[in-house]
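Each chain gets a letter, A, B and so on, in the order the sequences are listed, and its residues count up from 1.
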Protein chains: 2
Amino acid sequence: MVASMATKGERTREKMLATAETLVLSKGFAATSLDEILRATGSTKGAFFHHFKGKADLAQALVERYRRNHAKLFERLVAEAEAKHADPLDATMHLLKRFEALIQAQSKPLPGCVFAAATHEGGQFDTTLRDRIADSLRRWAALYEGKFDAVLSRYEPSLPIAAKELAEMIVAIIEGGLILSRSYGDAHLVARQSRQFRNYLSLLFADRQPRIAA
Amino acid sequence: MVASMATKGERTREKMLATAETLVLSKGFAATSLDEILRATGSTKGAFFHHFKGKADLAQALVERYRRNHAKLFERLVAEAEAKHADPLDATMHLLKRFEALIQAQSKPLPGCVFAAATHEGGQFDTTLRDRIADSLRRWAALYEGKFDAVLSRYEPSLPIAAKELAEMIVAIIEGGLILSRSYGDAHLVARQSRQFRNYLSLLFADRQPRIAA
DNA sequence: AAGCAACCATACCGTCCGGTCGGTTACCGG
DNA sequence: CCGGTAACCGACCGGACGGTATGGTTGCTT
């Protein structure tokens, strides 16, 4: 038994989560029935209710799973970028470029973001899940914010700017870009928008003016 | 009988659409039942099916209504901006600032965008409605694109840029900003992000370098 | 090999939801 | 005042959905 496939139960649970995610991202959570998920995975009610307390529990598990995968991916990209560039600005640029390359490689538009989906249907979830989603988005932005903090502590921007604003901007651009990308069927729209954001950064720090200690 | 209240039927229909919109924006379309809408408006099944063929028809009507209102608002803002500024860059900046002021005036986060909601639950709608939504988003972007075209035909940007990219960028920023704004409960996030976009524009056209005819 | 838990299949239940339909009231031209 | 139509009501239906109960099967441990 290979370690990667874990136990049988974990594999079916993962399969359910994966197919549920694609269905939810295409039709929405409420419009996705349990039977539909089970038909797609080839299992039954018994299996589902063995792994999840109910549909609400599935929603929470979906968010948690997405959160982990998302965090893991970005930590990998950040590590790679910082290994290659000592300068914080270069590292951030590299991070964005790697991200764009990942999207550009896909021929179809990305299926969407679970956080955005959950936010949109948020009214049917309880407060703790909504808080968890907001926290996930904040952590994502905070990851960028840390990078921009490093950049701002070294270089003087050509316009007064806060790291948090830049972090929220790239997250907003990606989330909004995903919506347009899906609606248009344009697989490369998000990458194009990320490039625009890089443009903004390169104009903000065009001359790499070193910050003067007060 | 005042002209503004139109016929009785039109008023109840409008009331249904308005309450349906708020419900849909907070819980999603599939999770919003007809009974819920009717309870909120104080009318009944009979009234609903007199005005709409079914729930799918309601969805289409919601999109169409939002589309009209949205277009009307922006045409008003554009007209106001162009009346005040002959220069296309100044007019565009004014347009964005007016938009920010509108958002800033609200104390609660905007309820969301029907286009984004519909895109997110798109899998449950038919192709014609999905196309209609994509078209609505494109028209919105095209409205901005026209303005940026005017700017680019007069001024040389400090980085090579297409009007379409800028147009898609502000739309993406607003859509993404709305998601973050709702999830965080931060009413001013969208306006802050619009200001970032204005920053980008002001850096792109900082010196107002006039375009040289080739 | 026995036993025990984890895992999964199936039949079934109560409820809610979209939709239908026969009927009633409000309005309006003639 | 009358006829007709737009507007509206509310009981009802069939089906789908989330959830449960129960029994069977697999696989790990000792």
- Message: With a cut-off of less than 4.0 Å, is there a side-chain N or O of K55(B) near OP1 or OP2 of dG18(C)?
- Response: yes
- Message: Please determine whether side chain to side chain donor-acceptor pair (under 3.5 Å) holds for the pair T128(A) and D126(A), giving the CA-CA distance in whole Å, both sets of side-chain angles, and the decisive distance to 0.1 Å.
- Response: CA-CA 6 Å; T128(A) 66; D126(A) 60 352; 3.2 Å; yes
- Message: If the cut-off is 4.0 Å, is H51(A) near the phosphate of dA6(C), judged by side-chain N/O to OP1 or OP2?
- Response: no
- Message: Whether T12(B) contacts dC8(D) is assessed here as follows: a side-chain N or O lying under 4.0 Å from the phosphate OP1 or OP2. Is that the case?
- Response: yes
- Apply the side-chain contact (heavy atoms from CB on, under 4.5 Å) test between K147(B) and each candidate in L96(B), L89(B), T92(B); give the one that qualifies. T92(B)
- Query: F115(B) vs W140(B) aromatic rings, parallel, tilted or perpendicular, using cut-offs 30° and 60°?
  - Reply: tilted
- Message: Let's go through R39(B) and D35(B) carefully: what are the C-alpha distance in whole Å and the side-chain angles of both, what is the deciding distance for salt bridge (Lys or Arg N to Asp or Glu O under 4.0 Å) to 0.1 Å, and is it a yes or a no?
- Response: CA-CA 6 Å; R39(B) 214 180 310 131; D35(B) 290 319; 6.0 Å; no
- Task: Give a yes or no on whether K55(B) atom NZ has more than 12 heavy-atom contacts from other residues, nucleotides or ligands under 6.0 Å away.
- Result: yes
- For F48(A), answer base if it contacts any base atom (sugar-phosphate contacts may also be present), sugar-phosphate if it contacts only those atoms, and nothing otherwise; contact means non-hydrogen atoms under 4.0 Å. nothing
- With under 30° as parallel and over 60° as perpendicular, where do the rings of Y144(B) and F148(B) fit, or are they tilted in between? parallel
- Query: With nearest nucleotides of DNA chain D determined for R39(A) and K53(A) from heavy-atom distances, which residue corresponds to the more 5′ nucleotide?
  - Reply: R39(A)
- R67(B) and E64(B): CA distance, side-chain angles, deciding distance, salt bridge (Lys or Arg N to Asp or Glu O under 4.0 Å) verdict: CA-CA 5 Å; R67(B) 176 193 176 88; E64(B) 227 57 48; 3.7 Å; yes
- Task: Give a yes or no answer on whether the side chain of E168(B) reaches the backbone of L189(A) with a donor-acceptor pair at less than 3.5 Å.
- Result: no
- If you look at every strand shown and take non-hydrogen atoms under 4.0 Å, does T32(B) touch a base, only sugar-phosphate, or nothing? sugar-phosphate
- Item | Spacing between R11(B) atom CZ and dA7(D) atom P, to the nearest angstrom | 11 Å
- Contacting residues from residues 13-29 of chain A, given that a heavy atom lies under 4.0 angstrom of DNA chain C: none
- Query: Taking OP1 and OP2 of dC7(C), is either one under 4.0 Å from a side-chain nitrogen or oxygen of H50(A)?
  - Reply: yes
- Query: Below 4.0 angstrom, N of the basic side chain to O of the carboxylate: do E14(A) and R11(A) qualify?
  - Reply: no
- Query: Just how far, in rounded Å, is C1' of dC28(C) from NZ of K8(B)?
  - Reply: 15 Å
- Item | I37(B) CD1 to dG19(C) C1', straight-line distance once rounded to whole Å | 14 Å
- Under 3.5 Å donor-acceptor, T19(B) side chain and K15(B) backbone: yes
- Between P of dC17(C) and CZ of F49(B), the distance in whole Å: 13 Å
- Query: Between R130(B) (side chain) and F125(B) (backbone), is there a donor-acceptor pair under 3.5 Å?
  - Reply: yes
- Enter the inter-axis angle for the ends of the helix from dA1(C)-dT30(D) to dG30(C)-dC1(D) (five pairs per end, rounded to 10°). 20°
- Using a cut-off of 4.0 Å between protein heavy atoms and nucleotide atoms, how would you tag nucleotides 9-16 of chain C 5' to 3' with B, S and -? BB------
